[in-house]
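Right, one structure below, let's go through it.
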Amino acid sequence: KIDYAFMLSHPNSCVNPYLILPYAQKMTLDSLKMFYNKWSSNVQDTWYGRVVKNIIQKAETNMVGKMAPDFKTKDLADKDVVLSFFRGKSFVLLDFWASWCEPCRADNPYLKKLYKQYHKKGFDIISISIDRDKNAWLKAIRYDSTWMWHPVLASKNPNVALINDSDDNIMSKYKTNGIPIEILIDKAGKIIGKWEGQSEQNDKELDAKLNEVFTQK
């Protein structure tokens, strides 16, 4: 509250972009843009100001209706997982999670149900973990039996910050408000659904969306 009050009452302070960064990934896009637009051009042009601008631009490109940013990584078998390879073949759910995130893992039984129901119809899942401990990640996959789809790490380098703009970091390509977050992509590579947090309502909406797209086929 103190940080927010300062930023609102001192819009021309170059401290603002630095102060807002810890909150940037948790804010709504409208709130982040509200703060950013109050800053002077000198504040916006600082190094941290440009980082905030980049977050905003990525958020605007990752909205429902936009093309999903492509990425390339390796799965458990060291095989390439490239998002664009699924175009024309499958609807893809990106599931951002971590081994230590209880709400994320609480959704796994439901995701396995959806996978079993729709996979043969053209549905796939890429589960993207932000774990920095590879052993914890592997243990969670074994325990939850989620190896049947495509478990990958957000970054091959555990020291890459989640906010870092890096081609090696999948998380840096997608604006999220924490985890879990699920992004549904159609066969053309377009984002058609986005759900944040774990809730029964989100599960119902995802199920309804999948039922809709596969009923139309």
Side-chain angles (χ1 to χ4, degrees), residues 25 58-59 61-77 79-99 101-131 137-138 140-155 162 169-217:
Q25 297 291 343
K58 285 182 177 178
T61 61
N62 294 328
M63 298 171 66
V64 172
K66 301 289 186 178
M67 292 295 291
D70 198 14
F71 59 82
K72 178 180 180 180
T73 186
K74 297 282 188 179
D75 64 11
L76 289 172
K79 294 181 179 179
D80 287 339
V81 176
V82 184
L83 181 59
S84 56
F85 283 2
F86 292 88
R87 290 181 189 171
K89 303 172 185 175
S90 304
F91 286 81
V92 179
L93 184 72
L94 303 184
D95 174 40
F96 289 91
W97 72 293
S99 64
C101 172
E102 291 185 10
C104 302
R105 296 179 64 179
D107 230 16
N108 280 335
Y110 187 72
L111 291 181
K112 288 195 286 186
K113 171 182 172 292
L114 293 181
Y115 185 81
K116 183 178 180 180
Q117 183 176 356
Y118 294 111
H119 178 59
K120 291 182 178 180
K121 298 180 180 180
F123 173 64
D124 224 317
I125 299 175
I126 303 176
S127 61
I128 303 168
S129 171
I130 65 172
D131 274 290
W137 170 61
L138 294 172
I141 293 170
R142 287 194 297 267
Y143 189 87
D144 294 349
S145 300
T146 56
W147 56 75
M148 72 281 293
W149 47 68
H150 304 279
V152 302
L153 288 170
S155 175
L162 297 183
N169 192 342
I170 301 172
M171 182 66 82
S172 75
K173 299 175 182 291
Y174 290 84
K175 165 73 164 63
T176 70
N177 292 333
I179 53 173
I181 182 168
E182 292 165 347
I183 299 175
L184 184 61
I185 301 167
D186 69 9
K187 289 186 177 182
K190 185 182 296 184
I191 297 173
I192 59 173
K194 195 171 185 178
W195 298 272
E196 298 177 2
Q198 192 271 331
S199 70
E200 185 177 341
Q201 181 61 34
N202 283 354
D203 289 345
K204 287 181 178 179
E205 290 181 7
L206 173 57
D207 195 8
K209 191 66 178 178
L210 290 173
N211 183 63
E212 174 191 332
V213 297
F214 287 114
T215 299
Q216 292 176 352
K217 290 183 62 177

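Remark: K113 NZ is packed, more than 12 non-hydrogen atoms of other residues, nucleotides or ligands lying under 6.0 Å away. Other residues, nucleotides and ligands contribute more than 12 heavy atoms inside 6.0 Å of the CE atom of M67. Heavy-atom neighbours of K190 NZ from other residues, nucleotides or ligands within 6.0 Å: at or below the threshold of 12.
The two residues A68 and L83 make their nearest non-hydrogen contact at CB-CD2, 4.0 Å. Closest approach of A106 and P109 over heavy atoms only: O-CD, 3.4 Å. Across every non-hydrogen atom of A98 and S129, the tightest pair is CA-OG, 4.0 Å.
Remark: of the listed residues L76, I128, V81, L138, L76 is the sole one forming a side chain to side chain contact (heavy atoms under 4.5 Å, CB included) with P151.
Rounding to the nearest 0.5 Å places OG1 of T73 at 9.5 Å from CD1 of I126. Separation of atoms NZ (K187) and NZ (K89) is listed at 11.0 Å; rounding is to 0.5 Å. We find the CZ-CE distance between F71 and M171 to be 11.5 Å, quoted to the nearest 0.5 Å. Residue I130 holds its CD1 atom at 10.5 Å from CH2 of W97, rounded to the nearest 0.5 Å. Between S127 atom OG and D144 atom CG the span is 10.0 Å, to the nearest 0.5 Å. Here the OH-CG distance, from Y110 to D207, works out to 3.5 Å after rounding to the nearest 0.5 Å.
D75 contributes no side-chain N or O that, together with a main-chain N or O of H150, makes up a donor-acceptor pair within less than 3.5 Å. No donor-acceptor pair under 3.5 Å is formed between the side chain of D80 and the backbone N or O of V82. The backbone N or O of E196 lies less than 3.5 Å from a partner atom in the side chain of N202, making a donor-acceptor pair. Of the possible donor and acceptor atoms, none in the side chain of D95 sits under 3.5 Å from a partner among the backbone N and O of I125. Side-chain N or O atoms of S90 include none that pairs as donor or acceptor with a backbone N or O of F86 at under 3.5 Å.
Taking the six-membered ring where tryptophan is involved, the planes of Y118 and F214 are essentially parallel, since the angle between them stays under 30° and well short of 60°.
Inter-residue side-chain proximity for W149 and K112 is flagged as met; some heavy-atom pair is nearer than 4.5 Å. You'll find the side chain of V213 stays beyond 4.5 Å of the side chain of L184, heavy atoms only.
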>> Before you tell me yes or no, could you show the steps for I170 and F96 under side chain to side chain contact (heavy atoms under 4.5 Å, CB included), namely the whole-Å CA-CA distance, both residues' side-chain angles and the distance that decides it to 0.1 Å?
In response: CA-CA 10 Å; I170 301 172; F96 289 91; 4.3 Å; yes

>> If you apply the rule side chain to side chain contact (heavy atoms under 4.5 Å, CB included), what do you find for Q198 with D203, and how did you get there?
In response: CA-CA 8 Å; Q198 192 271 331; D203 289 345; 4.2 Å; yes

>> Could you walk me through whether D124 and Y115 satisfy the side chain to side chain contact (heavy atoms under 4.5 Å, CB included) test, starting with their C-alpha distance in whole Å, then the side-chain angles of each, then the deciding distance to 0.1 Å, before giving a yes or no?
In response: CA-CA 7 Å; D124 224 317; Y115 185 81; 3.8 Å; yes

>> Using side chain to side chain contact (heavy atoms under 4.5 Å, CB included), reason through D107 and E182 one step at a time and then give a plain yes or no.
In response: CA-CA 11 Å; D107 230 16; E182 292 165 347; 3.2 Å; yes

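A salt bridge is defined here as a Lys NZ or Arg NE, NH1 or NH2 lying under 4.0 Å from an Asp or Glu carboxylate O, and K209 with E205 fails to meet this definition.
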